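Notes follow the structure.
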Amino acid sequence: MTEALLEVRDLRSGYGDVTVLWDVSLGVRPGDFVAIVGSNGAGKSTLLASVSGMLRPSQGHVLLDGHDMTHSPAEAYVRRGLVHVPQGRRLFPGMTVEENLLLGAYRRGRDGVRQDLERVLETFPPLVPRLHGLAGRLSGGEQQMCAIGRGLMGRPRVLLIDELSLGLAPVAVDALLEAVRRLHADGLTIVVVEQDVQVALEHATVAYVLEAGRVTLQGSGPELLTDPRIRAAYLGV
Amino acid sequence: MTTVQQIINALLLGGLLALVALGFSLVWGIMNVINLAHGTFIMLGAYTAYWMFSLWGVDPFLSIPVAMLLLFVLGAILQVSVINFIVRAPVLATLLVTFGLEILITNIALKLWTADVRSVQTHYAGRGIALGSLSIPYNKLGALVLALIITALLWLFLERTKLGRAIRATAYDQVGARAVGINIGRMYALTFGIGAALAGAAGALISTTSAITPMMGSSYTIRAFAICVLGGLGSVTGALVGGLLFGFIEVFGVVWIGPGYSDAIVFLVLVLVLIMRPQGILGRAFSAGVQEAGGA
């Protein structure tokens, strides 16, 4: 087993007095495509937020390349190559698509920003004609492309995507999945939270099932797809 | 006086008032803080220019960078120590805290410098360009030109630089901003500092044309508020349009109705605008995209 890129140990986190995650441990190795699945309110988004500096965990540890990042702000994670694509896209609606993408490179120097922008546009061709339009005017699928593109502009080694397909048309979901799969094939480590369990498990090399804030199952995606508990609870078969 | 002269006066006043409102508008639009202490920053800028002129003979126009720097530092310190607690808080909390700051700063100024009315008498005060019957005072023309230059520089900063973009992004979506690695607290400190620095510049310019007292600030805060409502919030062009409009209303209101009614006229227009076009004349509120932080 190779050294974990991202390691989470006994993580406890939540909002105010409400604990959402209970002693969650997991590891992400370079090149993994990790899916985190579970029902609504299981703590998937809380988990992603807690391992990217968006939310401070109350107990436990988050290690990135072996560095303890538990109490670091989001900007420190970004600088170390972990970028979070938040749920709901969280674009800057009154700014152009190009400005949104360039802001993704906020923590970097100027070097290579233009080339990276070209690469993002190659990954998401529908953004090309929209580049100088406002991000708030994009369709849902285009917004998600812009959000992932903005994340890529930070040159991440690990990209966390919270709810890749939520609220999007099936065509858009297919295009996004294809793009994410290509990014993974090119070597990017991906952690995705996804409410569509079938879709998530089909692609994942590693999957974790969260229930009521605890990891209850883990394994490779295809393994979990055939697990009777998963089939009964999430796939309805 | 001729109508042409009135138009000139309105432009001279309006351009300066645009700068008065600019920092107020920026802080309101980006941090959702209605800074009632904005006028005291203008007062401090005016005193900076006054003391530099009376102690060392420095021309008020040359004091602008000093006033801006001092006020930037004061603004950033106030943001980190006080204002940070009320960013995106309910409007009543922001009004209470900034009103308290207003009283505090005004009274410190009273204690330090007394209530004496002061003025800066430059050698070119009272002189100007004469075109037939028209006259353009040098100090007012200089104030207008500098106000426009500073306004243009702020626009360039916000639109064309990485830091300016990050400030705007912070206003649109804090979660998105944090996700790309923007330090929100630093952006707010920077924004409040810039807002105060703009007020400082406005104060230094005002010192060349108006009387300086510790209590001078509040009338500018009220005007800045009215200009923001007229022009729309948080945009540089909005402050410019609102400022010029305000200049015309004030100058022509005085001519047509009488000098005693200038405030009444301005607020009548303000109420009418609020009723008919709550989004301001330009109708593109900067804060339209501002969302509450939250969510997992």
Side-chain angles (χ1 to χ4, degrees), chain A residues 13-15 20-21 41 43-50 52-55 73-96 98-110 113 134-136 146-147 150-151 153-154 156 160 162-163 193, chain B residues 25-26 28-30 32 80 84 88 155-191 232-238 279-280 282-296:
Chain A
S13 188
Y15 308 91
V20 177
L21 293 180
K44 300 174 304 239
S45 294
T46 308
L47 176 58
L48 278 205
S50 305
S52 59
M54 302 293 282
L55 191 65
E75 54 186 289
Y77 281 86
V78 174
R79 215 179 282 130
R80 282 197 177 274
L82 181 145
V83 175
H84 176 127
V85 179
Q87 186 178 359
R89 277 85 74 169
R90 298 300 196 150
L91 297 176
F92 311 118
M95 303 173 78
T96 65
E98 187 178 31
E99 285 181 307
N100 270 270
L101 293 174
L102 289 176
L103 275 161
Y106 179 72
R107 276 285 150 212
R108 295 172 37 194
R110 285 174 172 276
V113 170
L134 295 183
C146 186
R150 186 179 68 181
M153 291 297 292
L160 313 186
D162 196 352
E163 297 291 11
V193 153
Chain B
S25 173
L26 185 76
W28 190 354
I30 294 197
N32 202 25
V80 172
N84 203 27
R88 309 226 159 268
W155 184 85
L156 280 174
F157 170 72
L158 288 175
E159 294 290 324
R160 294 279 183 268
T161 69
K162 190 172 175 177
L163 214 50
R165 244 184 244 135
I167 286 179
R168 281 157 58 220
T170 304
Y172 280 119
D173 197 307
Q174 291 181 73
V175 174
R178 288 176 60 211
V180 298
I182 293 170
N183 181 324
I184 305 280
R186 208 168 293 158
M187 288 307 121
Y188 285 157
L190 189 63
T191 303
L233 208 54
S235 80
V236 173
T237 37
Q279 68 272 52
L282 293 188
R284 191 175 59 93
F286 179 89
S287 57
V290 169
Q291 298 170 10
E292 292 304 313

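The model shown is predicted, which means the values in this text are computed figures rather than measured ones. Numbers restart at 1 for each chain; the letters A, B, ... are given by sequence-line order, proteins then strands.
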> With a 4.5 Å heavy-atom cut-off, do A:Gln87 and A:Lys44 have their side chains touching?
Replying inline: no

> In chain order, what residues pass the salt bridge (charged side-chain N to carboxylate O under 4.0 Å, His left out) check against A:Arg80, with sequence neighbours excluded?
Replying inline: none

> Got a sec, which residues hit side chain to side chain donor-acceptor pair (under 3.5 Å) with A:Ser13, two or more places apart in sequence or on another chain?
Replying inline: A:Ser50

>> Any heavy-atom pair between the side chains of B:Arg168 and B:Arg165 that's under 4.5 Å?
In response: yes

>> Is A:Ala147 in contact with chain B via its backbone, its side chain, both, or neither, using a 4.5 Å heavy-atom distance?
In response: neither

>> Given heavy-atom pairs under 4.5 angstrom as the criterion, report whether the side chain, backbone, both or neither of A:Leu55 touches chain B.
In response: backbone

>> Please classify the contact of A:Leu160 with chain B as side chain, backbone, both or neither, using a heavy-atom distance under 4.5 Å.
In response: neither

